[in-house]
Amino acid sequence: QVQVVESGGGLVQAGGSLRLSCTASGSTSSIGTMGWFRQAPGKQRELVATISSGGITNYKETLRGRFTISRDNAKNTVYLQMNNLKPEDTAVYYCAAKRGVWDTGVFAYWGQGTQVTVSS
């Protein structure tokens, strides 16, 4: 069993930056991939970025360059650095984990979400 907890959300003006953190606990050695998702009001949840245990990253293409995912395996923690934030980035951001890599497995372990609000 794996548990994940996010933190770091808040209110920021357009053009500002935030850094989200996600810490995993439990059977962390079995995690193959961790990722960030977001869900805006009235919209479907979408992928933001993922990072594998080997350090391979993947991004929603329109976010590449503004958002950066990174990891600290010693702390079982993954980060999402968000720069030049836009009002369209306003959403609840969720951290998730899965056992597989690439397209294998499903994101079965989810955090509670952290609110990011970007004002204009």
Side-chain angles (χ1 to χ4, degrees):
Q1 184 65 35
V2 175
Q3 298 83 41
V4 293
V5 179
E6 312 98 329
S7 64
L11 175 64
V12 64
Q13 293 182 343
S17 298
L18 283 174
R19 189 193 195 198
L20 306 182
S21 298
C22 172
T23 298
S25 61
S27 302
T28 57
S29 62
S30 66
I31 297 174
T33 306
M34 296 188 69
W36 289 96
F37 297 77
R38 69 184 184 183
Q39 186 168 21
K43 298 184 178 180
Q44 297 279 65
R45 184 176 61 200
E46 65 177 359
L47 170 73
V48 174
T50 63
I51 186 167
S52 73
S53 59
I56 299 173
T57 59
N58 183 49
Y59 295 89
K60 176 179 173 65
E61 193 60 34
T62 55
L63 299 178
R64 190 184 301 273
R66 290 200 299 120
F67 287 17
T68 303
I69 189 170
S70 61
R71 64 174 184 164
D72 184 340
N73 286 339
K75 298 181 179 180
N76 297 313
T77 298
V78 63
Y79 305 95
L80 183 68
Q81 179 67 45
M82 306 185 293
N83 296 327
N84 191 25
L85 284 162
K86 305 175 181 180
E88 297 76 41
D89 297 318
T90 295
V92 176
Y93 284 71
Y94 296 91
C95 181
K98 69 176 182 179
R99 293 179 178 271
V101 295
W102 293 101
D103 292 329
T104 63
V106 298
F107 285 96
Y109 311 105
W110 292 82
Q112 81 288 350
T114 185
Q115 177 71 47
V116 172
T117 302
V118 184
S119 64
S120 59

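Heavy atoms only: backbone and side chains are in, while hydrogens, waters and symmetry mates are out. Just so you know, residue 1 is the first one in the sequence shown, and it goes up from there.
- In this structure, CZ in Arg66 is found 10.5 Å from NZ in Lys60, a value given to the nearest 0.5 Å.
- A pairwise comparison of heavy atoms in Ser120 and Pro87 identifies CB-CG, 3.9 Å as the closest pair.
- Applying the side-chain hydrogen bond (donor to acceptor under 3.5 Å, both in side chains) test to residues at least two apart or on different chains, the pairs with a partner in residues 9-19 are Ser17-Asn83.
- Under the 3.5 Å distance criterion, the side-chain polar atoms of Thr104 are matched with a main-chain donor or acceptor of Val101.
- In terms of heavy atoms, Arg99 sits closest to Ser30 at NH1-CB, 3.0 Å.
- Interatomic distance, Asp72 CG to Thr77 OG1, rounded to the nearest 0.5 Å: 6.0 Å.
- A heavy-atom distance below 4.5 Å is found between the side chains of Phe107 and Thr33.
- Between Asn76 atom CG and Ser29 atom OG the span is 9.0 Å, to the nearest 0.5 Å.
- With rounding to the nearest 0.5 angstrom, the OH atom of Tyr94 is 15.0 Å from the CG atom of Leu47.
- Side-chain atoms of Thr90 and Thr117 form no donor-acceptor pair, as typed in the model, at a separation below 3.5 Å.
- Although no hydrogens or angles enter the test, the distance criterion places no donor-acceptor pair under 3.5 Å between the side chain of Glu6 and the main chain of Thr114.
- Contact detail for Gln39 and Gln44: the closest heavy-atom pair is CG-C, 4.2 Å.
- Residue Ile69 is found in a hydrophobic cluster whose other members, listed by chain and number, are Val2, Val4, Val12, Leu18, Leu20, Ile31, Met34, Trp36, Val48, Ile51, Tyr59, Leu63, Phe67, Val78, Leu80, Met82, Leu85, Tyr93, Tyr109, Val116, Val118; membership requires side-chain heavy atoms under 4.5 Å apart, directly or through intermediates.
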